[in-house]
Amino acid sequence: MNTKRFQDKVVLVTGGNSGIGKAAALAFSREGAKVVIAARREKEGAEAVNEIKSQGGQALFVKTDLRNADDINHLFGVIKEKYATLHCAFNNAGVYPKMKKAASYSVSEFDEIMNINVKSVWRCMKHEIALMTDAGGGSIVNCSSVAGWGGEPGTSLYTASKHAVIGLTRAAAVEFGRKKIRINAVCPGMTETPMLDQTLQSGGPEIRNVMLNMIPLGRFGKPQEIAGTVLFLCSDAASYITAKSIVVGGGQAIRA
Ligand SMILES: NC(=O)c1ccc[n+]([C@@H]2O[C@H](COP(=O)([O-])OP(=O)(O)OC[C@H]3O[C@@H](n4cnc5c(N)ncnc54)[C@H](OP(=O)(O)O)[C@@H]3O)[C@@H](O)[C@H]2O)c1
(Lines give C-alpha, C1' and ligand atoms only; values in the text may rest on other atoms or scores of the structure.)
Protein backbone atom coordinates (compact mmCIF):
# COMPACT_ATOMS: atom_id res chain seq x y z
CA MET A 1 0.00 0.00 0.00
CA ASN A 2 1.27 3.49 -0.85
CA THR A 3 1.44 5.55 2.34
CA LYS A 4 2.94 8.70 0.82
CA ARG A 5 0.52 11.55 1.51
CA PHE A 6 1.48 13.71 -1.48
CA GLN A 7 2.23 11.14 -4.18
CA ASP A 8 2.35 12.97 -7.56
CA LYS A 9 0.90 16.17 -6.08
CA VAL A 10 2.35 19.43 -7.38
CA VAL A 11 3.48 21.59 -4.46
CA LEU A 12 4.90 25.12 -4.51
CA VAL A 13 7.17 26.28 -1.67
CA THR A 14 8.26 29.90 -1.76
CA GLY A 15 11.56 30.45 0.00
CA GLY A 16 12.20 26.71 -0.37
CA ASN A 17 15.96 27.16 -0.65
CA SER A 18 16.55 27.95 3.05
CA GLY A 19 15.36 27.36 6.62
CA ILE A 20 11.73 26.42 7.15
CA GLY A 21 10.89 26.43 3.42
CA LYS A 22 13.74 24.06 2.58
CA ALA A 23 12.70 21.67 5.37
CA ALA A 24 9.14 21.73 3.98
CA ALA A 25 10.31 21.20 0.38
CA LEU A 26 12.38 18.17 1.44
CA ALA A 27 9.52 16.77 3.53
CA PHE A 28 6.93 17.18 0.74
CA SER A 29 9.30 15.47 -1.66
CA ARG A 30 9.89 12.53 0.71
CA GLU A 31 6.10 12.11 0.67
CA GLY A 32 5.97 11.85 -3.12
CA ALA A 33 5.32 15.47 -4.20
CA LYS A 34 6.70 17.21 -7.26
CA VAL A 35 8.11 20.31 -5.60
CA VAL A 36 8.54 23.75 -7.15
CA ILE A 37 10.88 26.04 -5.20
CA ALA A 38 10.74 29.79 -5.77
CA ALA A 39 13.35 32.17 -4.33
CA ARG A 40 16.14 34.49 -5.46
CA ARG A 41 19.42 32.74 -4.61
CA GLU A 42 20.23 30.25 -7.38
CA LYS A 43 23.10 28.42 -5.67
CA GLU A 44 20.95 27.63 -2.62
CA GLY A 45 18.06 26.77 -4.98
CA ALA A 46 20.22 24.30 -6.90
CA GLU A 47 21.45 22.77 -3.62
CA ALA A 48 17.87 22.22 -2.43
CA VAL A 49 16.90 20.63 -5.76
CA ASN A 50 19.98 18.38 -5.66
CA GLU A 51 19.17 17.25 -2.11
CA ILE A 52 15.65 16.38 -3.19
CA LYS A 53 16.87 14.51 -6.26
CA SER A 54 19.47 12.63 -4.21
CA GLN A 55 16.67 11.30 -2.00
CA GLY A 56 14.82 10.14 -5.14
CA GLY A 57 12.38 13.05 -5.43
CA GLN A 58 11.40 15.52 -8.14
CA ALA A 59 12.01 19.26 -7.82
CA LEU A 60 12.40 22.38 -9.85
CA PHE A 61 13.89 25.74 -8.84
CA VAL A 62 12.44 28.88 -10.41
CA LYS A 63 14.49 31.99 -9.70
CA THR A 64 11.90 34.46 -8.42
CA ASP A 65 12.07 37.78 -6.65
CA LEU A 66 8.67 37.75 -4.99
CA ARG A 67 8.67 41.55 -4.77
CA ASN A 68 8.36 41.61 -8.54
CA ALA A 69 4.99 40.93 -10.24
CA ASP A 70 6.66 39.87 -13.51
CA ASP A 71 8.73 37.27 -11.67
CA ILE A 72 5.59 35.90 -10.02
CA ASN A 73 3.80 35.74 -13.38
CA HIS A 74 6.82 33.89 -14.78
CA LEU A 75 6.83 31.44 -11.84
CA PHE A 76 3.20 30.47 -12.40
CA GLY A 77 3.75 30.36 -16.17
CA VAL A 78 6.44 27.72 -15.53
CA ILE A 79 4.15 25.75 -13.20
CA LYS A 80 1.34 25.79 -15.80
CA GLU A 81 3.66 24.79 -18.64
CA LYS A 82 5.37 21.98 -16.74
CA TYR A 83 2.53 20.57 -14.61
CA ALA A 84 -0.69 22.35 -15.73
CA THR A 85 -1.96 22.25 -12.15
CA LEU A 86 -1.16 22.96 -8.50
CA HIS A 87 -2.40 20.99 -5.49
CA CYS A 88 -0.69 22.68 -2.52
CA ALA A 89 1.23 25.87 -1.84
CA PHE A 90 3.32 26.97 1.13
CA ASN A 91 3.71 30.76 0.90
CA ASN A 92 6.68 30.86 3.23
CA ALA A 93 9.21 33.42 1.95
CA GLY A 94 9.67 36.37 4.25
CA VAL A 95 12.12 38.77 5.82
CA TYR A 96 12.77 40.00 9.36
CA PRO A 97 13.71 43.68 9.36
CA LYS A 98 16.16 45.43 11.63
CA MET A 99 14.55 45.90 15.05
CA LYS A 100 13.63 49.45 16.04
CA LYS A 101 10.73 51.42 17.47
CA ALA A 102 7.66 51.94 15.27
CA ALA A 103 8.23 55.67 14.83
CA SER A 104 11.82 55.13 13.65
CA TYR A 105 11.08 53.13 10.50
CA SER A 106 11.12 54.93 7.15
CA VAL A 107 8.39 54.70 4.51
CA SER A 108 10.72 52.73 2.25
CA GLU A 109 11.38 50.21 5.05
CA PHE A 110 7.61 49.87 5.53
CA ASP A 111 7.07 49.31 1.80
CA GLU A 112 9.89 46.77 1.58
CA ILE A 113 8.66 44.55 4.39
CA MET A 114 5.02 44.71 3.35
CA ASN A 115 5.99 43.96 -0.22
CA ILE A 116 7.68 40.68 0.56
CA ASN A 117 5.82 39.56 3.70
CA VAL A 118 2.27 40.48 2.62
CA LYS A 119 1.89 41.62 -0.99
CA SER A 120 3.83 38.68 -2.42
CA VAL A 121 1.66 36.25 -0.43
CA TRP A 122 -1.48 37.87 -1.85
CA ARG A 123 -0.06 37.94 -5.38
CA CYS A 124 0.88 34.24 -5.19
CA MET A 125 -2.53 33.39 -3.75
CA LYS A 126 -4.25 34.98 -6.77
CA HIS A 127 -2.47 32.52 -9.07
CA GLU A 128 -2.77 29.59 -6.65
CA ILE A 129 -6.52 30.07 -6.21
CA ALA A 130 -7.03 30.19 -9.99
CA LEU A 131 -5.05 26.97 -10.53
CA MET A 132 -6.70 25.20 -7.59
CA THR A 133 -10.18 26.27 -8.72
CA ASP A 134 -9.47 24.66 -12.09
CA ALA A 135 -8.17 21.56 -10.29
CA GLY A 136 -11.35 21.25 -8.20
CA GLY A 137 -9.64 22.17 -4.91
CA GLY A 138 -6.35 22.46 -3.08
CA SER A 139 -4.64 23.59 0.08
CA ILE A 140 -2.69 26.77 0.82
CA VAL A 141 -0.60 27.39 3.93
CA ASN A 142 0.70 30.91 4.54
CA CYS A 143 3.62 31.55 6.85
CA SER A 144 2.77 33.96 9.63
CA SER A 145 4.54 33.88 13.02
CA VAL A 146 3.93 34.08 16.77
CA ALA A 147 4.29 37.76 15.83
CA GLY A 148 0.97 37.34 14.02
CA TRP A 149 -0.68 36.95 17.43
CA GLY A 150 1.02 39.44 19.72
CA GLY A 151 3.51 42.26 19.88
CA GLU A 152 7.11 42.49 21.10
CA PRO A 153 9.12 45.72 21.29
CA GLY A 154 11.19 46.52 18.22
CA THR A 155 9.09 44.38 15.90
CA SER A 156 6.17 46.61 14.87
CA LEU A 157 6.47 46.30 11.10
CA TYR A 158 7.23 42.58 11.17
CA THR A 159 4.34 42.12 13.60
CA ALA A 160 2.00 44.16 11.38
CA SER A 161 3.02 42.12 8.34
CA LYS A 162 2.43 38.80 10.09
CA HIS A 163 -0.97 39.95 11.47
CA ALA A 164 -1.85 40.87 7.87
CA VAL A 165 -0.97 37.35 6.69
CA ILE A 166 -3.45 35.92 9.20
CA GLY A 167 -6.16 38.36 8.07
CA LEU A 168 -5.59 37.49 4.43
CA THR A 169 -5.70 33.80 5.28
CA ARG A 170 -8.94 33.99 7.24
CA ALA A 171 -10.93 36.10 4.77
CA ALA A 172 -9.73 34.24 1.66
CA ALA A 173 -10.48 30.89 3.35
CA VAL A 174 -14.08 32.00 3.89
CA GLU A 175 -14.33 33.15 0.27
CA PHE A 176 -12.95 30.00 -1.34
CA GLY A 177 -14.18 27.22 0.95
CA ARG A 178 -16.98 26.36 -1.51
CA LYS A 179 -14.30 25.88 -4.20
CA LYS A 180 -12.78 23.19 -1.93
CA ILE A 181 -9.69 25.32 -1.35
CA ARG A 182 -8.53 25.23 2.27
CA ILE A 183 -6.37 28.15 3.41
CA ASN A 184 -4.56 28.15 6.76
CA ALA A 185 -1.55 29.81 8.33
CA VAL A 186 1.34 28.36 10.29
CA CYS A 187 2.79 30.59 13.00
CA PRO A 188 6.33 29.52 13.89
CA GLY A 189 7.97 30.56 17.11
CA MET A 190 11.72 31.08 17.25
CA THR A 191 13.10 28.49 14.85
CA GLU A 192 16.73 27.58 14.07
CA THR A 193 17.20 29.10 10.62
CA PRO A 194 19.49 31.73 9.07
CA MET A 195 16.82 34.31 10.01
CA LEU A 196 17.11 33.47 13.71
CA ASP A 197 20.94 33.31 13.47
CA GLN A 198 20.92 36.86 12.13
CA THR A 199 18.78 38.06 15.07
CA LEU A 200 21.00 36.27 17.59
CA GLN A 201 24.15 37.76 16.04
CA SER A 202 22.81 41.30 16.05
CA GLY A 203 21.37 41.13 19.58
CA GLY A 204 24.43 40.95 21.84
CA PRO A 205 25.69 38.13 24.12
CA GLU A 206 22.62 37.91 26.40
CA ILE A 207 20.01 37.70 23.69
CA ARG A 208 20.08 33.88 23.31
CA ASN A 209 19.20 33.32 26.98
CA VAL A 210 16.59 36.09 26.99
CA MET A 211 14.90 34.43 24.02
CA LEU A 212 15.17 30.89 25.40
CA ASN A 213 13.62 32.05 28.69
CA MET A 214 10.47 32.97 26.75
CA ILE A 215 9.95 29.36 25.65
CA PRO A 216 8.48 26.78 28.08
CA LEU A 217 10.03 23.89 26.13
CA GLY A 218 13.40 25.59 26.73
CA ARG A 219 14.74 25.37 23.19
CA PHE A 220 14.33 26.87 19.74
CA GLY A 221 12.22 25.03 17.19
CA LYS A 222 13.66 23.05 14.33
CA PRO A 223 12.61 23.84 10.74
CA GLN A 224 11.43 20.23 10.40
CA GLU A 225 8.98 20.78 13.27
CA ILE A 226 7.34 23.66 11.41
CA ALA A 227 7.38 21.66 8.19
CA GLY A 228 5.53 18.82 9.95
CA THR A 229 2.61 21.13 10.70
CA VAL A 230 2.62 22.52 7.15
CA LEU A 231 2.38 19.01 5.70
CA PHE A 232 -0.37 18.11 8.17
CA LEU A 233 -2.39 21.20 7.14
CA CYS A 234 -1.97 20.32 3.45
CA SER A 235 -2.86 16.66 3.99
CA ASP A 236 -6.21 14.86 3.96
CA ALA A 237 -5.90 14.51 7.75
CA ALA A 238 -6.71 18.25 7.88
CA SER A 239 -9.57 18.04 5.37
CA TYR A 240 -11.98 19.89 7.73
CA ILE A 241 -9.54 22.60 8.84
CA THR A 242 -9.59 25.96 7.13
CA ALA A 243 -9.22 29.67 8.06
CA LYS A 244 -7.07 28.75 11.06
CA SER A 245 -3.63 29.88 12.18
CA ILE A 246 -1.66 27.33 14.15
CA VAL A 247 1.17 28.36 16.45
CA VAL A 248 4.19 26.04 16.55
CA GLY A 249 6.28 27.75 19.16
CA GLY A 250 7.20 25.52 22.09
CA GLY A 251 4.53 27.19 24.21
CA GLN A 252 5.99 30.69 23.84
CA ALA A 253 3.68 33.13 25.60
CA ILE A 254 2.05 35.74 23.43
CA ARG A 255 2.55 39.20 24.91
CA ALA A 256 0.07 42.09 24.47
N1 LIG B 1 13.01 31.50 11.97
C2 LIG B 1 12.12 31.98 12.79
O3 LIG B 1 12.37 32.10 14.02
C4 LIG B 1 10.76 32.39 12.30
C5 LIG B 1 9.75 32.66 13.26
C6 LIG B 1 8.48 33.03 12.80
C7 LIG B 1 8.22 33.11 11.45
N8 LIG B 1 9.21 32.84 10.54
C9 LIG B 1 8.86 32.97 9.13
O10 LIG B 1 9.25 31.80 8.44
C11 LIG B 1 9.46 32.12 7.06
C12 LIG B 1 10.77 31.49 6.62
O13 LIG B 1 11.83 32.08 7.33
P14 LIG B 1 13.15 31.29 7.78
O15 LIG B 1 13.25 31.42 9.24
O16 LIG B 1 13.17 29.94 7.16
O17 LIG B 1 14.25 32.26 7.18
P18 LIG B 1 15.34 32.11 6.02
O19 LIG B 1 16.11 30.86 6.20
O20 LIG B 1 16.05 33.42 6.03
O21 LIG B 1 14.46 31.97 4.72
C22 LIG B 1 13.79 33.06 4.13
C23 LIG B 1 13.41 32.62 2.73
O24 LIG B 1 12.67 33.67 2.10
C25 LIG B 1 13.20 33.87 0.80
N26 LIG B 1 12.99 35.25 0.38
C27 LIG B 1 13.24 36.38 1.08
N28 LIG B 1 13.00 37.46 0.32
C29 LIG B 1 12.60 37.01 -0.89
C30 LIG B 1 12.22 37.62 -2.10
N31 LIG B 1 12.21 38.96 -2.26
N32 LIG B 1 11.88 36.84 -3.15
C33 LIG B 1 11.89 35.49 -3.02
N34 LIG B 1 12.22 34.86 -1.90
C35 LIG B 1 12.59 35.59 -0.85
C36 LIG B 1 14.68 33.54 0.94
O37 LIG B 1 15.26 33.16 -0.33
P38 LIG B 1 16.22 34.14 -1.18
O39 LIG B 1 16.98 34.97 -0.21
O40 LIG B 1 17.06 33.20 -2.00
O41 LIG B 1 15.29 34.93 -2.05
C42 LIG B 1 14.63 32.34 1.87
O43 LIG B 1 14.40 31.16 1.15
C44 LIG B 1 9.42 33.64 6.96
O45 LIG B 1 8.16 34.05 6.46
C46 LIG B 1 9.58 34.09 8.41
O47 LIG B 1 9.02 35.35 8.64
C48 LIG B 1 10.46 32.49 10.94
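Just so you know, residue 1 is the first one in the sequence shown, and it goes up from there. Both ligands and their constituent atoms are indexed starting at 1 by order of listing.
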Atoms of ligand 1 close to Ser18 [distance to a heavy atom under 4.0 angstrom, numbered from 1]: 18 (P), 19 (O), 21 (O), 42 (C), 43 (O)
Thr64 heavy atoms, cut-off 4.0 Å: which ligand 1 atoms fall inside? 32 (N), 33 (C)
Among Tyr158, Tyr96, Phe61, whose heavy atom sits nearest atom 7 (C) of ligand 1? Tyr158
Do other residues, nucleotides or ligands put more than 12 heavy atoms under 6.0 Å from Gln55 CD? yes
Ligand-side contact atoms (ligand 1) for residue partner Gly94, heavy atom cut-off under 4.0 Å: 22 (C), 24 (O), 27 (C), 44 (C), 45 (O)
Enumerated ligand 1 atoms positioned under 4.0 Å from heavy atoms of Met190: 3 (O)
Give the atoms of ligand 1, by number and element, whose distance to some non-hydrogen atom of Gly19 is under 4.0 Å. 16 (O), 19 (O)
Please could you name the atoms of ligand 1 that Val95 approaches to less than 4.0 Å, counting only its heavy atoms? 27 (C), 28 (N)
Identify the closest protein heavy atom to atom 43 (O) of ligand 1: which residue and atom is it, and at what distance? Asn17 OD1, 2.5 Å
Ring centers of Tyr105, Phe110 separated by less than 6.0 Å: no
I'd like to check which ligand 1 atoms, numbered from 1 as shown, lie under 4.0 Å from a non-hydrogen atom of Arg41. 36 (C), 37 (O), 38 (P), 39 (O), 40 (O), 42 (C)
Is Ser144 close to ligand 1, meaning an N/O of one under 3.5 Å from an N/O of the other? no
Given 3.5 Å as the limit, does a donor-acceptor pair link the side chain of Asn92 with the main chain of Ile20, or not? no
